[in-house]
There are 2 protein chains.
Amino acid sequence: MAYESALRCLADPTRRRVFERLREGPRAVGELAAGLPVSRPAVSQHLKALKDAGLVLDRAEGARRVYFIDPDGLGELRRWLDRFWDQALVAFKHEAETHPPRRRPARGTPSPERKKP
Amino acid sequence: MAYESALRCLADPTRRRVFERLREGPRAVGELAAGLPVSRPAVSQHLKALKDAGLVLDRAEGARRVYFIDPDGLGELRRWLDRFWDQALVAFKHEAETHPPRRRPARGTPSPERKKP
DNA sequence: CACTTTCGTAAGCCATGACTTACGGTAAGT
DNA sequence: ACTTACCGTAAGTCATGGCTTACGAAAGTG
């Protein structure tokens, strides 16, 4: 049930940038905010969201607050995606066998419209 | 670069329910809408978003429109998450070695606050 | 004890987007 | 040809949430 909040968190571009910077290692709030186009309080709020979702942990280091990735939340999301992946593959294989596409459209190619306005 | 739109899509609860029902197999728009608390046009709009994100494909079947999961979009998201997972594990391991936590707080346990208002 | 640094929270603003109803267009049935 | 079923799009409404500035608390520095 936590993969839902994880997805919600990682959907926001700014929050994703914060999270991705934490891949490199633990960072304080100010450090993270310095490399982003938003204010420090904004980063603080994003970190709170990430923490509530179980994606990060924090540790006090003097007056500073150091955040780092919690593998637990990420792992849960990963497991959900893996189960999904398996089922989706089976369903798609059956689809391909029963309804072979004439030609597979390239990604980003607009689908044939019914009519031009 | 497509994993971003995939994340955006899967963040919405309704859209996730639509997508999860497609795990079982191809479904028409009306069928999907029947099991949801929203209108059929709403489902149609969600399906458009999923299609733009490369998460689903569709096929015309008479007057009906049958949607099914496209493994490509899901695979891209999965690969992104896997790379992330690896790097995060390394960073966390280093964190645990250099800053051993006294005790690991259980998930959902509120962290110690600085002060009560 | 002042003064600075670092941070979290509150309050308010505002764009995004999820939903609705209304409408038009295509396919199948009679 | 008329009617019904199924669907996508347009337009408008409204709540969500991401951002800002302002403020107060805790830790380090002189």
Side-chain angles (χ1 to χ4, degrees), chain A residues 4-22 26-53 55-68 99 110-117, chain B residues 4-22 26-53 55-68 99 110-117:
Chain A
E4 307 171 1
S5 50
L7 281 173
R8 274 198 57 77
C9 272
L10 298 179
D12 181 76
T14 305
R15 207 147 45 205
R16 205 165 41 227
R17 289 185 66 178
V18 170
F19 195 57
E20 288 178 346
R21 273 210 68 194
L22 289 179
R27 293 285 184 275
V29 182
E31 297 180 77
L32 294 169
L36 293 175
V38 296
S39 67
R40 182 196 52 77
V43 175
S44 220
Q45 292 164 7
H46 283 309
L47 286 168
K48 177 179 173 57
L50 288 168
K51 187 175 177 181
D52 289 342
L55 288 172
V56 303
L57 293 170
D58 62 331
R59 130 176 69 96
E61 189 168 285
R64 311 202 321 164
R65 200 99 192 155
V66 176
Y67 285 83
F68 52 95
H99 296 274
S111 54
E113 293 151 14
R114 302 210 187 176
K115 184 167 186 182
K116 280 293 181 184
Chain B
E4 307 171 0
S5 51
L7 281 173
R8 275 196 57 77
C9 271
L10 297 179
D12 181 76
T14 305
R15 208 147 44 206
R16 205 164 43 226
R17 289 184 65 179
V18 170
F19 195 57
E20 288 179 344
R21 273 209 68 194
L22 288 179
R27 293 284 185 276
V29 182
E31 296 179 77
L32 294 170
L36 293 174
V38 297
S39 68
R40 182 196 51 76
V43 175
S44 217
Q45 291 166 7
H46 284 309
L47 286 169
K48 176 179 174 55
L50 288 167
K51 186 176 176 180
D52 289 342
L55 288 172
V56 303
L57 293 171
D58 62 331
R59 129 176 69 95
E61 188 169 285
R64 312 201 323 167
R65 199 98 193 157
V66 176
Y67 285 83
F68 53 96
H99 295 273
S111 53
E113 293 151 15
R114 302 211 185 177
K115 184 168 185 181
K116 280 293 181 185

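Everything numeric in this text was worked out from a predicted model, so none of it was measured.
- Listed nucleotides D/dC19, D/dC7, C/dT20 differ in distance to B/Arg64; the shortest reach to its side chain belongs to D/dC7.
- Between the C1' atom of C/dT26 and the CD atom of B/Glu61 lies a distance of 15 Å, rounded to the nearest Å.
- Of the listed nucleotides (C/dC7, D/dC7, C/dC19), C/dC7 has the atom at the smallest distance from the side chain of A/Arg40.
- Remark: P of C/dG8 and CZ of A/Arg59 are 14 Å apart, rounded to the nearest angstrom.
- Here the C1' atom of nucleotide D/dT20 and the CG atom of A/Leu36 are 15 Å apart, to the nearest Å.
- Separating the CG atom of B/Asp58 from the P atom of D/dC7 is a distance of 11 Å, rounded to the nearest angstrom.
- When rounded to the nearest whole Å, the span between CG of B/Asp52 and C1' of C/dA18 equals 16 Å.
- Taking atom CG on B/Leu47 and atom C1' on D/dT9, their separation rounds to 14 Å, with Å as the unit.
- A/Arg59 contributes atom CZ, which lies 6.0 Å from atom CZ of A/Phe68 (distance to the nearest 0.5 angstrom).
- Checking the phosphate oxygens (OP1, OP2) of D/dT20, a side-chain nitrogen or oxygen of A/Ser39 falls inside 4.0 Å.
- Judged by atom type and distance alone, B/Gln45 reaches the base of C/dT20 through a side-chain donor-acceptor pair under 3.5 Å.
- Contact check on A/Arg21 versus A/Glu31 returns no salt bridge, with no Lys/Arg side-chain nitrogen under 4.0 Å from an Asp/Glu carboxylate oxygen.
- Looking at the side chain of A/Ala63, the nearest of the listed nucleotides D/dT9, D/dG18, C/dT6 is C/dT6.
- Under the 4.5 Å side-chain criterion, counting only non-hydrogen atoms from C-beta, A/Leu10 is in contact with A/Leu55.
- Between A/Leu50 atom CG and D/dG17 atom P there is a gap of 15 Å when expressed in whole angstrom units.
- Taking side-chain N and O atoms only, A/Tyr67 has a distance below 4.0 Å to OP1 or OP2 of C/dG8.
- The side chain of A/Arg8 contributes an N or O atom lying less than 4.0 Å from OP1 or OP2 of D/dG17.
- Here the straight-line distance linking atom NE2 of A/His46 with atom CZ of A/Arg17 works out to 11.0 Å at 0.5 Å rounding.
- The two residues A/Ala11 and B/Ala11 come nearest to each other via the heavy atoms CB-CB, 3.5 Å.
- The side chain of B/Pro41 approaches C/dT20 more closely than any other nucleotide in the set D/dC19, C/dT9, C/dT20.
- For D/dG17, neither phosphate oxygen OP1 nor OP2 lies less than 4.0 angstrom from any side-chain nitrogen or oxygen of A/His46.
- Nearest to the side-chain atoms of B/Thr14 among the listed nucleotides D/dG8, C/dG8, C/dC19 stands C/dC19.
- Distance alone, capped at 3.5 Å, is enough to place a donor-acceptor pair between the B/Arg15 side chain and the B/Cys9 backbone.
- Using a 4.0 Å heavy-atom cutoff across all strands shown, B/Ala28 reaches sugar-phosphate atoms only and no base atom.
- Under 3.5 Å, the side chain of B/Arg15 and the base of C/dG17 form no donor-acceptor pair of N or O atoms.
- Nearest to the side-chain atoms of A/Lys48 among the listed nucleotides C/dT21, C/dT9, C/dC7 stands C/dT9.
- Straight-line distance from the NZ atom of B/Lys51 to the C1' atom of D/dG8: 11 Å, rounded to whole Å.
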